[in-house]
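Heads up, the thing below is written out as structure tokens.
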Amino acid sequence: MTEPRRDVTGGRGPADSLEANELLEVRDLQVVYRRRRGLLGRGKDELRAVDGVTLSVREGEAVGLVGESGSGKSTVAQAVTRLVPVDSGSITLRGRPLSAASGKELRDLRRELQMVFQDPYSSLDPSMTIRSALREPLHVLGLKRSVDVERVLHTALDAVGLPTSSLDKFPHEFSGGQRQRIAIARALVPEPTMLILDEAVSALDVSTQAQVLSLLQDLRRERGLAYLFIGHDLAVVRRMSDRIAVMYLGRIVEEGPAERVVSHPAHPYTAALLAAVPDGRKDREHDRRKLIHRGANPDPWNRPVGCSFATRCPFAMDICFEQDPQTTGIRQGGTVDCHLQTSGATLAGEVLGDLVADHEHGGAEYAS
Ligand code: SF4
């Protein structure tokens with residue numbers, strides 16, 4: 001069955017999607033891993049780590065990409081930053097294709113798009129001073145001669161709330177939260193327009209995480225930065241995002257305005273992620289378990305026919321094991337890939353129940 005093209009423009013029409021403020025555009029992205037099979041290694045297995053992902057980020061916008069480990073969300077980030085090869089699809093920044101760029105054009109594009117990784121312990125070389133670590137992007141991007149290096153480093157450290165005396169220290173002299181601030185400062189050094197934050201607060205304890213999230217919100221407001229915020233915790237992703245895309249086994253299964261996705265989830269997997277957010281309510285355990293602890297993840301090397309979530313979905317129907325669900329528009333904004341929309345069921349009455357009462361959840365209304 002051919003799926004209609006997903007509207008990734010957040011409700012804007014096709015004409016509007018060509019507005020000048022479109023920053024990053026990913027279309028039909030495929031990243032496939034292959035391994036040899038059999039004693040002689042003549043056969044080949046394929047794992048579609050990213051399978052037809054389409055999303056866009058406008059200038060100054062924060063888009064969240066949420067899913068469990070193995071959903072492919074970090075591979076999307078790695079493909080955008082050219083850390084993994086792309087099998088098909090296109091990635092453009094301000095309309096310029098990233099895959100075809102080289103030389104000065106690639107350096108210019110890379111300057112605009114910086115990445116912050118999950119692990120502040122391994123992303124900083126322990127043998128380098130903070131000054132050297134912060135100067136590195138200027139060197140890689142060929143900017144050292146065109147800027148006042150010391151001023152740039154001081155400004156970046158100041159932006160993340162660290163003193164300039166940090167420059168002559170080594171990473172081990174800082175706490176985990178401070179190291180992640182340094183990683184953010186390094187990303188800010190080239191003065192990018194967009195940050196890709198790949199599980200950037202996941203390794204931090206809860207209170208440090210809250211401080212770094214506040215810092216990121218301040219930086220976005222002050223500098224007009226756009227974010228692609230990648231995480232597995234829907235509550236954290238919601239706090240940081242204007243729009244959210246939910247990934248499962250390499251595909252986006254639901255996307256839309258952040259408030260709609262969280263208050264009116266349309267896909268059972270989104271509901272399961274929501275149920276995984278702790279709220280201290282013991283009386284909701286039954287509903288939580290109903291949504292979370294069911295079935296096993298399918299083998300990504302042997303993707304099942306039909307909906308990939310069917311083995312875990314409490315609402316799987318026969319059709320779910322036979323056909324891929326189509327992409328359907330949601331009246332409150334965004335899209336979902338789920339057969340529930342053709343069965344006439346909604347998530348409100350049948351899935352979420354009391355679990356979501358405090359969040360004023362109701363089932364998403366399908367546009368067609
Ligand atoms: Fe569940 Fe079917 Fe929807 Fe997949 S398509 S999420 S199995 S109801």
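On a predicted model such as this, the values are computed, not experimentally measured, just so you know. When reading the values below, keep in mind they use all heavy atoms of this one structure, side chains included, and skip hydrogens, waters and symmetry mates.
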Just so I know, are the side chains of [X] and [Y] near enough to count as touching, which here means a heavy-atom distance under 4.5 Å?
| X | Y | result |
| --- | --- | --- |
| Met247 | Arg251 | no |
| Tyr227 | Val63 | no |
| Glu150 | Arg131 | yes |

Counting N and O atoms only, with roles assigned by atom type, does the side chain of [X] sit under 3.5 Å from a partner on the main chain of [Y], one being a donor and the other an acceptor?
| X | Y | value |
| --- | --- | --- |
| Arg220 | Gly224 | no |
| Asp242 | Ala62 | yes |
| Arg239 | Leu213 | no |
| Ser241 | Val237 | yes |
| Arg58 | Asn21 | no |
| His339 | Gln323 | yes |
| Gln209 | Val201 | yes |
| Lys73 | Asp198 | no |
| Arg96 | Ala101 | no |
| Gln180 | Ala200 | yes |

Partners meeting salt bridge (Lys or Arg N to Asp or Glu O under 4.0 Å) with Arg82 (sequence neighbours left out):
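Result, salt bridge (Lys or Arg N to Asp or Glu O under 4.0 Å) vs Arg82: none returned.
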Parallel under 30°, tilted from 30 to 60°, perpendicular over 60°: which one fits the rings of His172 and Phe170?
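The rings of His172 and Phe170 lie parallel, inter-plane angle below 30°.
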Can you classify the ring geometry of Phe309 versus His267 as parallel (below 30°), tilted (30 to 60°) or perpendicular (above 60°)?
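Answer is tilted, since the angle falls between 30° and 60°.
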N-O pairing of Arg111 and Asp108 below 4.0 Å
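Not counted as a salt bridge, because no side-chain N and carboxylate O are separated by less than 4.0 Å.
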Just do the salt bridge (charged side-chain N to carboxylate O under 4.0 Å, His left out) check on Glu25 and Arg27 with the steps written out, would you?
CA-CA 6 Å; Glu25 182 139 46; Arg27 286 221 170 256; 3.0 Å; yes
What is the distance from atom [atom1] of [X] to atom [atom2] of [Y], rounded to the nearest 0.5 Å?
| X | Y | atom1 | atom2 | value |
| --- | --- | --- | --- | --- |
| Leu167 | Ile130 | CG | CD1 | 8.0 Å |
| Leu216 | Leu225 | CG | CG | 9.5 Å |
| Arg135 | Leu143 | CZ | CG | 13.0 Å |

Using the side-chain hydrogen bond (donor to acceptor under 3.5 Å, both in side chains) criterion, which residues pair with Gln30? Sequence neighbours excluded.
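Gln30 satisfies side-chain hydrogen bond (donor to acceptor under 3.5 Å, both in side chains) with Arg48, Asp51 once adjacent residues are dropped.
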Surrounding CG of Asp148 (heavy atoms of other residues, nucleotides or ligands, distance under 6.0 Å), is the total greater than 12?
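It does: Asp148 CG has more than 12 such atoms within range.
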Between Asp158 and Thr155, does any side-chain donor sit less than 3.5 Å from a side-chain acceptor?
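Short answer, no.
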Using distance alone, with no hydrogens and no angle criterion, decide if Tyr269 and Glu68 have a side-chain donor and acceptor under 3.5 Å apart.
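There is such a pair (donor and acceptor under 3.5 Å, judged by atom type) between the side chains of Tyr269 and Glu68.
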Nearest heavy atoms of Val53 and Gly250, plus distance in Å
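Answer, listing the atom of Val53 first, then Gly250: CG2-O, 3.5 Å.
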Please name the residue in the list Ile244, Leu274, Val261 that meets the side-chain contact (heavy atoms from CB on, under 4.5 Å) test with Arg238.
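The passing option is Ile244.
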